[in-house]
There are 2 protein chains.
Amino acid sequence: MAWDLKNDRPIYTQLIEQIELKIFSGEYPPGARLPSVRDIAKDAAVNPNTMQKALAKLEEDGLVVTHRTSGRTITEDAEMIKRAKNQLAERQITEFLEKMQLMGFEKRETLTLITKLLEEMKK
Amino acid sequence: MAWDLKNDRPIYTQLIEQIELKIFSGEYPPGARLPSVRDIAKDAAVNPNTMQKALAKLEEDGLVVTHRTSGRTITEDAEMIKRAKNQLAERQITEFLEKMQLMGFEKRETLTLITKLLEEMKK
DNA sequence: ACTATTGTATTAAGCGCTTAATACAATAGT
DNA sequence: ACTATTGTATTAAGCGCTTAATACAATAGT
């Protein structure tokens, strides 16, 4: 699983992000059952209350559905998952480009930088 | 100036980042005098103690030099600034690529995504 | 019908971050 | 020599986050 939580940000926000990533990557496919709050909290080495907070937010966003006494599942709405995924991707990209721009790298410059870095990784 | 602080992370860490960006982009050139703690704190609409905490970290990293009673200046060592800048850039890129990969976008895929997005922005 | 499991709620404590108020020593600038 | 400015330190308060302990209602699973 590898939850890898830093403490430069509230844990519950990191939990939200990481679960989102698992949903978007397909590790948690649409309709899949999530472990119970207690189990998933244990897995992430986190207090159940904290995990609960994260899951509540995910439900609010519609990515997760709660079944009062039989746990939670990922939404069946694959289309909405895809939408959320693309939305996040676009936000990541623009934020990244903006930050690079603030550092003094023009957008084109950033692009060539990435390309070069990828070339090196292939070798 | 536009300090634009969010509250999803400790303020002082955001201050560190933003000042770093100003240094890397050349807005604060090597040797330049920084405003006093009180002034720069006022500008960022933040408590002097908080700003002090950020500046202390920047000094610890060597980007900023403190002159006990005559304020602070950016380091004269342009070479070290450049090193730090490239280091940050590389970290940004790898973190970005990793996050995209966790979302299910392969590195090449991410690259074409960015390229496409840049094309659209030109129009 | 019984039992374990589910999400949920509450209370208390500790912690770091942030602010506000205040003070001090050193010295740049006059 | 005087004065304003510099970084720095301290104390107290409030806040959100996190943990720990505990409890409850509803129901899936047998």
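Chain A is the first sequence line, chain B the second, and so forth, proteins listed ahead of strands; every chain is numbered from 1. Everything numeric in this text was worked out from a predicted model, so none of it was measured.
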B:R9 and B:E17: CA distance, side-chain angles, deciding distance, salt bridge (charged side-chain N to carboxylate O under 4.0 Å, His left out) verdict: CA-CA 12 Å; B:R9 258 168 340 139; B:E17 285 180 11; 2.8 Å; yes
Please check if the number of heavy atoms outside B:D8 that lie under 6.0 Å from its CG is greater than 12. yes
Could you check whether any side-chain heavy atom of B:Q101 comes within less than 4.5 Å of a side-chain heavy atom of B:E106, counting everything from C-beta outward? yes
Co-membership, hydrophobic cluster, residues B:I114 and A:L117, 4.5 Å side-chain: yes
Less than 4.5 Å apart, any side-chain heavy atom of B:I74 and any of B:L63? no
Scan A:N49 against the nucleic acid and name what it touches under 4.0 Å (heavy atoms): base, sugar-phosphate only, or nothing. base
Cationic tip of B:K22 within the cone over B:W3's six-membered ring, i.e. under 6.0 Å and within 45° of the normal? yes
Involving DNA chain D, stems made of at least three consecutive Watson-Crick or G-U pairs, both distances under 3.5 Å: C:1-30 with D:1-30
Chain A on DNA chain C: first and last contacting nucleotide, 5' to 3', under 4.0 Å to a heavy atom? C:dT6 to C:dT10
Check whether any side-chain heavy atom of B:R72 lies under 4.5 Å from a side-chain heavy atom of B:L58, and answer yes or no. no
Start at the 5' end of DNA chain D and walk down; is the nucleotide closest to A:R68 or to B:T66 reached first? B:T66
Heavy-atom nearest nucleotide on DNA chain D for A:R33 versus A:Y12: which residue maps closer to 5'? A:Y12
More than 12 non-hydrogen atoms from neighbouring residues, nucleotides or ligands closer than 6.0 Å to CD on A:E90, yes or no? no
Pick base, sugar-phosphate or nothing for A:R38, based on heavy-atom distances below 4.0 Å to the nucleic acid. base
